[in-house]
Amino acid sequence: MDFAASVTRRLAKVASPSSGTASKQLYFVGFLLTFTVIVSISHPEDVLTPAYLAALGVLALATALAFVAPWERLDTRLAALVPVLDIVAIALVRDLMRDSAVAISLLSFIPALWLVGRLRGRGAAIATLSVAALITVPSLMRAERIDSLILAHSLLLPFTVLQIGLLATGALKVLDAQARRMTATLQEKERLLESAAAGERLLENILDTVDVGIVVVDRDGHDLLMNRAQRRIHRLASPADIEDPDEAQLALRYPGTTCPIPPAERPVRRAVEQETFSNYVVTLGPSGGRSTDFSSSARQILDRHGDRDGAVVVFSDVTSYVEAARAQQRFVAAISHELRTPLTSVIGYLDLAREDPGLSEETRSHLGVANRNAEQLLAIVEDLLQDQVTRSASGGLTLRPHRLSTIAGQVVESASLRAQESGIRLVQELQETPEVPIDEHRITQALTNLLSNALKYTSRGGTVTMSSRLVEGALEIAVADTGIGMSDQEQANLFTDFYRTESARMSTIQGHGIGLAVTRRIVLEHGGQISVRSTPGAGSTFAIRLPLAAADSAV
Ligand code: ADP
């Protein structure tokens, strides 16, 4: 079984068009010589004849041709010459091998398969004709008499060669068709790969040309792509002593502060956590050193089934805009400061003027309107100044041990008269908190902002509650109200400068959208966090959390 399989494999190799002429010839020579040597052991006289020497000569000629001729450049039809010469050699040797004549004739299958391998159907015809002309016809001519049995015997060889040739031709045609299909598939794949590679090169070039940093991460947060601008940004934020920092180790701060952004709030981490956001401004670079402001935006990438496949985050340098905005703020603050003194004086004199008993009711009323408007103007000026004070004081907190619960109590007390006038129930739920190092003035400012908002955005009959407690290793102060509330979308932009919700803008409630931004900066400077929970029409709760060791985390 194994022998048959190995012979089949060898014959297939001989027939294979990929096998070279020289190697095929060597294979055949080896086969023929081995066979004749075995026969000559018992009949040496058979091989030492002119016919055998002639056969060797023909073999030598065929072998020389197989080695010397430049087959790759010659017409494939010429390659038929070598196997036909082999059939001549078989014919010469066959006549010497009386008893083994039939067996040696079978060797002609080898050149026949070779011819089929080269020339397919034409090869089968050449092999059949060669065998018939070189072996069958001469042996018939040498026969003493020709009867139907001898004729049938003689025709058996060319007939078998023809059958094997046709079978091999059919099999090779199937293989040819398969090979053509495979070649076509491979070429198509190569073309697709080439066009994909060209597309990738184009994309890389485009990405490297834009000056916006782009980073693409897979669903587990591993970097898939980072363009040149992003690599530069990464280097900018890399601490000098860390070779290849991950995002958590990069120097990233809240803009306008020295306060590092906690890892969970960093842009790429937020994107990996499936958030989509726009215009999230962060400051890169060590505090005290050269720093750059970047606006970051993130979008989720979906695969063709709509499942999340990763995220893309872009960073654009907004330092010049931020600088311009800060310059504008400084300018506004300077102007406000200049306005405050004369305004205070105007209000004072208006108050004095209104006290004059000789005034007519109408003039008194006019002065009242002027006074209210001047007061309102002063409130705006003070808000703007407050913001400036907080910004310029970044990093310069005056920390002393204080109880947050005590400060919260004082803030509630100051607001109680206003709450009473507005018909709002003001509730204190203050658990005493331990003393921690904080800037009393700024924390008072932050809590006053939250409480005054709660009173402002709650209508008569509502309730505002100030509470304090210890929670998860932090101090929490919460201001809850039963006021107008906010939608999720409104909450997302809440701590941005000059932002006011749609409902606040539409109402008659006065405001400038500065208080919460200031409050957030104060909280961040203390190493804390501020959060909001709100439902439109039901109310809002603002919560400030400061670490118990506020002084250690404040930078
Ligand atoms: P403003 O001077 O407008 O109150 P803030 O920065 O303090 O400025 O607040 C920004 C905006 O947030 C407000 O205009 C309002 O739309 C919304 N807001 C703040 N606090 C509350 C609250 N307790 N209830 C509902 N909306 C609030």
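Being a predicted model, the structure only gives us computed values, none of them experimental. Ligands are counted one by one from 1 in listed order, and the atoms in each one are counted from 1 as well. Atom set for the values below is all heavy atoms of this structure, side chains included, hydrogens, waters and symmetry mates excluded.
Remark: the backbone N or O of Val268 is paired with a side-chain donor or acceptor of Glu247 at under 3.5 angstrom.
Checked by atom type, the side-chain pair Arg299/Ser278 shows a donor-acceptor distance below 3.5 Å.
Put simply, CG on Leu451 and CG on Asp481 are 9.5 Å apart, with the number rounded to the nearest 0.5 Å. For the atom pair CZ of Arg418 and CD of Gln420, the computed distance is 13.5 Å after rounding to the nearest 0.5 Å.
A ring pair (Phe, Tyr, Trp, His ring centres under 6.0 Å) check over residues 183-241, counting only residues at least two apart or in different chains, returns nothing.
Summarising the geometry of Gln529 relative to Val523, their closest heavy-atom pair is N-CG1, 3.4 Å, with the distance given to 0.1 Å.
The 4.0 Å heavy-atom shell around ligand 1 contains residues Asn453, Ala454, Lys456, Tyr457, Asp481, Ile484, Met486, Leu494, Tyr499, Arg500, Thr501, Ala504, Gly511, His512, Gly513, Ile514, Gly515, Leu516, Ser540, Phe542, ordered by chain and number.
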